[in-house]
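Report on the structure given below.
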Amino acid sequence: MKAPRQFQLAFLALVLALAPTLAPAAPSQAQSGERALFKAEIQHFTADLAPNLGRVVKWEGSEPYEIRREGNALVAVIRHARLAVESRYLSGEIILGPIAIRRTVQSGGKIIDLAAQLPSEITFQGPGPTGPQVLAKIALKDAKADAVIEAQSGLTRATSLSAAAGGVALPTTGASAHFGPLSMASKIIAEPNGGWRGPAHFELKRVEFVLPMGAAGGIIDRIAYEGTSAGTNLAALDKLRIALGKLRKKGGAGASKPNLPALFAVLRTLPQVLGSVGADFVVEGVTVRSTKGEPIGSLKKAEFAVKVAGLDRKVTSVRLTLGEQGLTAPPALAHGAPVPKRIAIDLGVQNLNNKVLRAVLDEATATPLGGRASQKQKQKERQQLLSAAAKFEPVFRVYDIGFDTKKVGADFSGQASGSPFGPKGYTASGDVVVRGFDAIASLHPPARFIQYLPLLRTIAIAEKAPDGTERLRFHLASGMKQQITINGNDVHAWFAAPAQKPGQPRLLRLVYPPMKGADVKRVQDALAAAKISVPENGTYGGTTAAAVARFQKEKGLNVSGVVDEATGKKLGIEKAAIQKKADMGAQFAQIAAALPDLSGRWTCDDGGTYYLRQVGNAVWWYGESSSNSPRWSNVAHGSYEGRRLRLDWADVPKGQTSSSGILVLSVVSPDKLEATSKTGGFGGSVWTRAAR
């Protein structure tokens with residue numbers, strides 16, 4: 001089992017020592033002689049460097065080397081080894097110091113042990129203004145590596161690597177890093193029942209770095225990785241590793257144009273091989289300071305972990321954890337926002353039916369990669385994929401999603417079962433517990449969220465923490481029949497208002513920007529009459545919604561802060577609104593009958609012609625200075641009440657001006673209008689009817 005690729009690339013100088021973990025060794029040939037075989041193994045590895053490292057690194061060569069015997073071991077010392085690096089981002093050459101490799105045969109020829117003394121100096125040079133220049137230098141102290149290989153198959157069973165200390169310097173930028181003890185190890189351990197397990201480990205301590213370009217430096221106490229994997233069939237694992245090795249050598253994995261169908265065909269055997277896998281990556285004790293020694297930030301601990309189990313059984317489970325503790329940053333760097341001293345994300349998926357999962361994967365890869373399918377075939381494949389997905393009945397778990405700042409903290413936990421595509425549907429529930437609720441506004445959330453805070457406090461269940469401080473709890477639930485509830489109250493109207501029947505009053509709820517109008521003012525007046533404190537400004541904001549929620553709670557209604565039909569009846573405003581609407585209709589009919597019809601063509605003292613249309617008490621017009629290439633042209637719309645006509649007007653692009661404003665006109669007679677108020681620089685003042 002090989003070490004993670006990021007570590008191989010980060011410590012590229014250690015590639016030779018880790019050779020057996022990257023590709024199978026050359027098969028044993030007794031007739032070739034031990035020394036010839038050892039040399040063939042080294043050549044086998046160097047030839048495979050390019051495919052094993054994504055065609056980015058290629059072996060260029062070294063000084064001629066001899067193999068000598070020391071006791072029961074063969075020793076090769078490779079000097080001035082060179083590797084070419086070529087990618088779209090980086091090109092150059094790596095030059096390695098002397099590498100001593102010791103080969104020992106054990107267990108009657110069944111096991112080969114390769115122990116390497118790694119180079120104390122590695123140089124990376126690339127193109128410069130006047131020729132090659134040194135871009136990076138790596139120094140290692142007492143660095144060594146070991147690999148245990150099965151002679152017959154060439155498969156690696158264990159690797160290890162260590163260094164007492166080391167450092168990296170980038171001469172062109174002045175950046176540098178020094179580190180203390182380094183250790184890496186991985187194994188494939190055979191179990192008595194034919195299974196296997198593969199622990200992996202990485203640890204780097206005391207990293208001190210300097211970044212002149214950022215005018216900063218710092219220390220990292222520890223970087224560590226722990227990996228675990230296991231399966232029930234070691235023979236199947238070996239077969240998979242050999243197949244991947246052959247595929248990689250042929251250009252399947254790591255090639256510029258990988259053979260993806262062949263790779264997928266090999267990887268489909270993973271369920272027969274891999275039962276569980278896990279990884280835990282940790283960074284501890286980070287301190288960053290400026291070059292003047294001023295603190296910039298620190299981090300006590302950051303962690304990322306993933307665990308997958310049951311791949312070789314009926315159901316699979318996945319758990320993902322990441323978070324940080326003890327993060328600090330100066331206000332200038334945080335732009336004034338509070339820095340979370342704790343962040344936790346701990347999620348999981350259980351009950352993933354492996355049979356269904358394989359069916360979904362089969363459907364998803366049914367069309368050959370690079371091939372073309374007809375629209376009918378694509379539609380059929382989508383239907384088959386949805387049909388397979390509908391058989392899933394997973395359980396999604398939120399073990400914790402939380403954060404803590406100095407003033408505010410919150411944690412959410414919950415679970416969801418089933419699938420929206422399945423016949424049984426889904427159910428979901430969870431709990432949010434908030435500390436320092438009243439300080440949430442200091443976190444600078446969006447305004448559309450802030451308006452919900454008074455309403456949420458009204459709906460919340462107050463609790464006491466062990467230290468006596470207040471906590472607010474919100475129990476959330478959702479399902480196919482009930483979209484979403486908070487503490488048992490249906491709040492789905494927050495997200496999508498239900499369709500309303502003609503003639504029904506407007507459903508008042510929190511939206512952004514807030515609703516305004518006479519109907520809001522009537523609700524506020526009714527709440528005030530019910531002795532509930534509320535602003536009486538005609539705007540349906542957060543405090544009004546919270547007042548509605550308090551009223552709903554008192555009357556035993558669904559507490560949502562939404563003025564629906566039931567709440568309107570309890571407030572006593574529905575009948576009044578209907579009556580007022582009827583009265584307004586009758587009043588409008590009377591006014592409309594008494595007012596002259598302004599529809600027609602009018603002329604104005606600004607030299608323009610205006611075309612008016614009146615429908616009820618609504619009036620529209622179009623005006624222009626002339627019909628051909630007018631200097632100005634405008635439109636207006638407004639209402640006609642009594643002898644007063646109020647219009648919003650704006651110039652349109654047919655003319656050459658672009659103003660807008662408000663006009664208030666007096667209807668002097670059926671054939672004459674006079675302006676009593678004008679804004680936006682409107683020129684005309686008196687209109688005379690020219691034709692009906």
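By the 4.5 Å heavy-atom criterion applied to side chains, D113 and I149 are not counted as neighbours. Inter-residue side-chain proximity for I101 and F38 is flagged as met; some heavy-atom pair is nearer than 4.5 Å. Annotation: side chain of F281 is in contact with side chain of I223 (closest heavy-atom distance under 4.5 Å). No side-chain heavy atom of I99 sits under 4.5 Å from any side-chain heavy atom of V77. Residues L204 and Y225 have side chains not in contact (no heavy-atom distance under 4.5 Å, counting atoms from C-beta outward). Looking only at side-chain heavy atoms (C-beta outward), P127 and S91 come within less than 4.5 Å of each other. Side-chain contact between L140 and I122 is present, with heavy atoms from C-beta onward closer than 4.5 Å. Within the 4.5 Å cutoff, side-chain heavy atoms of R82 are placed close to those of H80.
One finds the CG atom of L83 at 10.0 Å from the OG atom of S62 (value rounded to the nearest 0.5 Å). With values rounded to the nearest 0.5 angstrom, Q415 atom CD is found 8.0 Å from Q350 atom CD. Atoms OG1 and CD1, on T123 and I138 in that order, are 8.5 Å from each other to the nearest 0.5 Å. Rounding to the nearest 0.5 Å gives a distance of 7.5 Å between CG of L90 and CG of L135. The distance from atom CG of L211 to atom CG of L170, rounded to the nearest 0.5 Å, is 9.0 Å.
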message: As a quick check of understanding, evaluate salt bridge (charged side-chain N to carboxylate O under 4.0 Å, His left out) for K58 and E60, giving each step before the final call.
response: CA-CA 6 Å; K58 181 181 179 182; E60 282 192 324; over 6 Å; no
field: Working for salt bridge (charged side-chain N to carboxylate O under 4.0 Å, His left out), residues R103 and E41
entry: CA-CA 10 Å; R103 182 182 189 274; E41 289 170 346; 2.8 Å; yes
- request: Kindly indicate, with the supporting measurements, whether the criterion salt bridge (charged side-chain N to carboxylate O under 4.0 Å, His left out) is fulfilled by D238 and R157.
  value: CA-CA 10 Å; D238 290 344; R157 294 303 182 194; 2.8 Å; yes
- prompt: Stepwise, does the side-chain hydrogen bond (donor to acceptor under 3.5 Å, both in side chains) test hold for H201 with S183?
  reply: CA-CA 8 Å; H201 161 84; S183 64; 3.2 Å; yes
- prompt: D400 and R342: salt bridge (charged side-chain N to carboxylate O under 4.0 Å, His left out), yes or no, with the steps?
  reply: CA-CA 12 Å; D400 186 24; R342 176 186 70 96; 3.7 Å; yes
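A donor-acceptor pair shorter than 3.5 Å can be found between the side chains of S153 and E150. Under the 3.5 Å distance criterion, with hydrogens and angles disregarded, a donor-acceptor pair is assigned to the side chains of T321 and D346. At a cut-off of 3.5 Å, with distance as the only test, no side-chain donor of T287 or S298 sits close to an acceptor on the other residue.
N354 and G310 get closest at one heavy-atom pair: ND2-O, 2.8 Å. Across all non-hydrogen atoms, the minimal contact from S87 to V56 is CB-CG1, 4.2 Å. Closest approach of A76 to Y65, counting heavy atoms only: CB-CD1, 4.4 Å. R102 and E70 make their closest contact through NH2-OE1, 2.5 Å (heavy atoms, listed as atom of the first residue, atom of the second, distance). Between Q325 and L299 the shortest heavy-atom distance is O-CD1, 3.5 Å.
Environment of NZ in K300: sparse, with no more than 12 heavy atoms of neighbouring residues, nucleotides or ligands closer than 6.0 Å.
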